[in-house]
There are 2 protein chains.
Amino acid sequence: MLTDRQLMILQVIIDDFIDSAKPVGSRALSKKDTLPYSAATIRNEMADLEESGFLEKTHTSSGRVPSEKGYRYYVDHLIGPEIHQHGLGIIEKLTNNGIYEFEQIVQTAAEALSELTNYTSIILGPEMFEATVKQIQVLALSDQSAVAILVTNTGHVEHRSFTLPTGVSSSDIEKLVNILNDRLYGVALYKLPEVIQNEVASLMMRYMNGVDSSLNWIRTLFTQEQAVKLYFGGKANILMQPEFNDVDRIRSFYALMEREDEIVNLLKNSNQGIKVSIGHENEVEEIKDLSLITASYHIGGGQMGTIALIGPTRMEYKKVLSLMQAISKEMTGAMGKWYGDKS
Amino acid sequence: MLTDRQLMILQVIIDDFIDSAKPVGSRALSKKDTLPYSAATIRNEMADLEESGFLEKTHTSSGRVPSEKGYRYYVDHLIGPEIHQHGLGIIEKLTNNGIYEFEQIVQTAAEALSELTNYTSIILGPEMFEATVKQIQVLALSDQSAVAILVTNTGHVEHRSFTLPTGVSSSDIEKLVNILNDRLYGVALYKLPEVIQNEVASLMMRYMNGVDSSLNWIRTLFTQEQAVKLYFGGKANILMQPEFNDVDRIRSFYALMEREDEIVNLLKNSNQGIKVSIGHENEVEEIKDLSLITASYHIGGGQMGTIALIGPTRMEYKKVLSLMQAISKEMTGAMGKWYGDKS
DNA sequence: GTTAGCACTCTCTTATTATGAGTGCTAAAT
DNA sequence: ATTTAGCACTCATAATAAGAGAGTGCTAAC
């Protein structure tokens, strides 16, 4: 439906606009040596491309700007696979001293991604529903307070401080910890509340005194929702984009960035691979004029998180896509290697 | 040096400007029933106040705007103590189920502070140099990887994952943990590297095999600087201030907010109590047109952190000062209570 | 099918001209 | 000796007008 020449022109226009952010006109195009046609010819083709919906004008006599349909076509057909070299080795550098700091790896990756692109990157920590309990420990800090620590098989550590119910002795705690470890070892986090309710409760009744109150806080302790953590990289970098030259635009963007649960929903990327959402393809009002790219990474054991990048629809898709592919692979590699799961 | 009437006028002008952000003129002032003088009289007084440096004009024929000296005088002499009622109970609500989540308390406080003021709040986590080791644990996750957990007497939990040096058996780990707990219990965090070097090293030499490599990673493990954590509240709220109606202003502000170490330096508030830095009183270029208020809070055991609020020099000092006093007290209360230290 | 030529459109910049809030100063009023 | 009214003057801001420039669409020639 599109001639080769039209495709070629479309590509050049989009490349140019991505680079300059200014509507591109026929004269300027014909001067480029990539297109050996006169301005008039190009004008005709552009008119056709506009009619087919791939281009738009900002006003009657302006140059052309890619439409969302144009970008979509560009992303789907016009950019070849081009593996990106930059950014590789970022994570390796962090882990090659043998110390593996999940938070630090993710944070660094997010910052690198943003730095290399000048867009805003967001990384979603892995969902930990499926991680299982490796060890539970309760450590008294004083007569009244204690800290409970839970380690998962993936090496994540959750901890929570709390006040000890009155009348709980240190031997009680010891018993409790034994019961918990005995019964909860290997249990997936999402099953915890249920298992506590069904198995642990009765055991506690049998072997401990003053259980009623204790049971309550144990439940609270482990029922706290395991919120997915967000790691932002360079929220300020996106301000360099000319699209953000408007104060209200900035306001609405930053306001959205603070509504973390909405962001989480936005990013949850159940399907594998890389997904590109251009402009109105996004559900959320505030980014209907932006593009969102998400990619998943895996930490093994079926757990995964999401890497995302938000920028203007006029995004350097070529660069970004290969970069995200690289980083997602790198993260999956680093994490997977970590605990031997080669999934 | 200033007459009562001048003081009164100064106060009204500042109050008005804080509220409206617009230069205040003599006509408008004389209409207010607080000042029973004609516009001309007020003009004369304003001219005097300008000569003494308390007021400024934005251009020859504009209304007056408080100078930094004016704000300074206002803060030092013109606002009485007025305990703020809002915001109290925020933290109590979080802790009264017996669960004490340090991060959550601080984060909530920061958000509340920003929400109530529409400025940007930053809370510095406590410096933990003086916290002491309560327990150290190393938990193997697989043949190759393990996680080390350190709990302090204040209930903070630090953890780090790492790859096990080859040739380290699980009995080695057990020995190691015993040595570490034996020697490091009660040792302040800032002394850790030293103590490890002097005491632990020799013991390890004596009782363990293949120590050379192990020692190295243990040192790395605990030498990682204990970075002070920053908690931001509502970075977007400050955008509501008319002072931030300029894109470049926003850019430079957010750029600063990402240079976390600079922020930490800026906020470290060694002296007790509340400190107000107005405009050029600040060292950092990017906030020479803003005001910074810092207050310290204590978590007991001599450890403390800092609460800070950044807003335009045209800040609601009255409200902000009492509010910060309240929150700082509330946090100190909640935390101090926590582990029985009533310092 | 391609291109040169030309009239036309629309934005953006710059210059010009009000408009109005506010000041400083002088002279009259209290 | 203060206080106040009156008035000329200043400067920022808003509104209007006039060009300049880039780009388009269409027609006619190549």
Side-chain angles (χ1 to χ4, degrees), chain A residues 2-10 12-17 19-67 70 242-243 245-247, chain B residues 2-10 12-14 16-17 19-67 70 242-243 245-247 314:
Chain A
L2 287 183
T3 70
D4 280 0
R5 194 167 69 182
Q6 283 174 334
L7 247 48
M8 194 174 178
I9 291 181
L10 179 60
V12 176
I13 290 181
I14 297 187
D15 281 336
D16 191 300
F17 184 70
D19 187 59
S20 72
K22 285 190 238 306
V24 3
S26 54
R27 246 185 77 86
L29 274 192
S30 79
K31 274 189 191 150
K32 289 202 173 180
D33 27 355
T34 21
L35 294 180
Y37 307 101
S38 77
T41 310
I42 294 177
R43 269 206 289 285
N44 286 330
E45 298 287 33
M46 292 205 297
D48 287 354
L49 282 167
E50 183 176 0
E51 209 164 342
S52 332
F54 294 99
L55 294 179
E56 283 171 353
K57 281 187 285 193
T58 61
H59 60 271
T60 40
S61 75
S62 73
R64 298 306 204 293
V65 159
S67 68
E243 279 82 356
N245 251 333
D246 173 56
V247 180
Chain B
L2 288 182
T3 70
D4 280 2
R5 195 169 66 186
Q6 284 174 335
L7 246 50
M8 194 171 177
I9 291 180
L10 179 60
V12 176
I13 290 180
I14 297 187
D16 191 300
F17 183 70
D19 187 58
S20 72
K22 285 190 239 307
V24 7
S26 54
R27 246 183 78 86
L29 274 192
S30 81
K31 273 188 191 151
K32 288 202 174 178
D33 27 358
T34 21
L35 293 180
Y37 308 102
S38 76
T41 309
I42 293 176
R43 269 206 292 284
N44 286 330
E45 298 287 33
M46 291 204 301
D48 287 354
L49 282 168
E50 183 176 358
E51 207 165 342
S52 332
F54 294 98
L55 294 179
E56 283 171 351
K57 281 187 287 194
T58 60
H59 60 270
T60 39
S61 76
S62 73
R64 297 307 203 295
V65 159
S67 69
E243 280 81 357
N245 251 334
D246 173 58
V247 180
R314 178 191 65 79

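Letters go in sequence order (proteins before strands), and every chain restarts at 1.
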Visitor: Among all residues two or more places apart in sequence or in another chain, which pass the side chain to side chain donor-acceptor pair (under 3.5 Å) test with A/T34?
Guide: none

Visitor: Which heavy atom of A/A39 sits nearest a heavy atom of A/S30, and at what distance?
Guide: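 A/A39 and A/S30 have their closest heavy atoms at N-CB, 3.6 Å.
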
Visitor: If we only count heavy atoms from C-beta on, is the B/I9 to B/R5 side-chain gap below 4.5 Å?
Guide: yes

Visitor: Go through the structure and list residues passing side chain to side chain donor-acceptor pair (under 3.5 Å) with B/D16, not counting sequence neighbours.
Guide: B/S20, B/K32

Visitor: Rounded to the nearest Å, what distance is computed from the CD1 atom of residue B/I9 to the P atom of nucleotide C/dT23?
Guide: 12 Å

Visitor: In residues 46-58 of chain B, which residues come under 4.0 Å of DNA chain C by heavy atom?
Guide: B/M46, B/K57

Visitor: Give the rounded distance in Å between these two atoms: CZ of A/F17 and P of D/dG23.
Guide: 13 Å

Visitor: What residues, two or more places apart in sequence or in another chain, satisfy salt bridge (Lys or Arg N to Asp or Glu O under 4.0 Å) together with B/R27?
Guide: none

Visitor: Restricting to nitrogen or oxygen on both sides, can you table the protein-nucleotides 8-10 of chain C pairs closer than 3.5 Å?
Guide:
unit_1	atom_1	unit_2	atom_2	d
C/dT9	O3'	A/T60	OG1	3.3
C/dT9	O2	A/S61	OG	2.5
C/dC10	OP1	A/T60	OG1	3.3
C/dC10	O5'	A/T60	OG1	3.3
C/dC10	O4'	A/S61	OG	3.4

Visitor: To the closest 0.5 Å, what do you measure between CE (B/M46) and OG1 (B/T41)?
Guide: 11.0 Å

Visitor: For the helix from C/dG1-D/dC30 to C/dT30-D/dA1, measure the angle between the helix axis at one end and the axis at the other, each built from five pairs, rounding to 10°.
Guide: 20°

Visitor: Should B/D48 and B/N44 count as side-chain neighbours, where that means a heavy-atom distance under 4.5 Å?
Guide: no

Visitor: State, with a plain yes or no, whether a side-chain heavy atom of B/L2 is found less than 4.5 Å away from one of B/F54.
Guide: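 They are in side-chain contact.
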
Visitor: Would you indicate, yes or no, if D/dA5 has its OP1 or OP2 atom less than 4.0 angstrom from a side-chain nitrogen or oxygen of B/R43?
Guide: no

Visitor: Drop me the distance from A/T3's OG1 to A/E45's CD, to the nearest 0.5 angstrom.
Guide: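 It comes to 5.0 Å.
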
Visitor: Which heavy atom of B/G53 sits nearest a heavy atom of B/S67, and at what distance?
Guide: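 Nearest pair, atom of B/G53 first, then B/S67: O-OG, 2.5 Å.
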
Visitor: Not counting sequence neighbours, which residues clear side chain to side chain donor-acceptor pair (under 3.5 Å) with A/R43? List them please.
Guide: A/S26

Visitor: Tell me the interatomic distance from A/E45, atom CD, to D/dG25, atom P, rounded to whole angstroms.
Guide: 13 Å

Visitor: Rounded to the nearest 0.5 Å, what's the gap from CG on B/L35 to CG on B/L29? Could you check?
Guide: 6.0 Å

Visitor: Mind checking what makes side-chain contact (heavy atoms from CB on, under 4.5 Å) contact with A/D246, not counting sequence neighbours?
Guide: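 For A/D246, the residues satisfying side-chain contact (heavy atoms from CB on, under 4.5 Å) (neighbours in sequence not counted) are A/D248, A/R249.
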
Visitor: Within residues 20-41 of chain B, find the residues that approach DNA chain C with a heavy atom at under 4.0 Å, and present them sorted by residue number.
Guide: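 Residues of residues 20-41 of chain B that come under 4.0 Å of DNA chain C are, in numerical order, B/G25, B/S26.
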
Visitor: Not counting sequence neighbours, list each pair that qualifies as a ring pair (Phe, Tyr, Trp, His ring centres under 6.0 Å) and has a residue in residues 27-50 of chain A.
Guide: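 Matches after skipping sequence neighbours: none remain.
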
Visitor: For nucleotides 26-30 of chain C, list the nitrogen or oxygen atoms of the protein found under 3.5 Å from its nitrogen or oxygen atoms, one pair per line.
Guide:
none

Visitor: Of the options A/I14, A/D15, A/D19, A/I13, which is the one that meets A/V24 in a side chain to side chain contact (heavy atoms under 4.5 Å, CB included)?
Guide: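 Only match with A/V24 under side chain to side chain contact (heavy atoms under 4.5 Å, CB included): A/I13.
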
Visitor: For B/I42 and C/dG22, what is the distance between atoms CD1 and C1' respectively, to the nearest whole Å?
Guide: 13 Å

Visitor: Can you run down the side-chain hydrogen bond (donor to acceptor under 3.5 Å, both in side chains) pairs that involve residues 50-59 of chain B, sequence neighbours left out, and say none if there aren't any?
Guide: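 side-chain hydrogen bond (donor to acceptor under 3.5 Å, both in side chains) check on residues 50-59 of chain B returns B/E50-B/R64, B/T58-B/S62.
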
Visitor: Taking N and O atoms by type only, does the side chain of A/R64 place a donor or acceptor under 3.5 Å from a partner on the base of D/dG25?
Guide: no

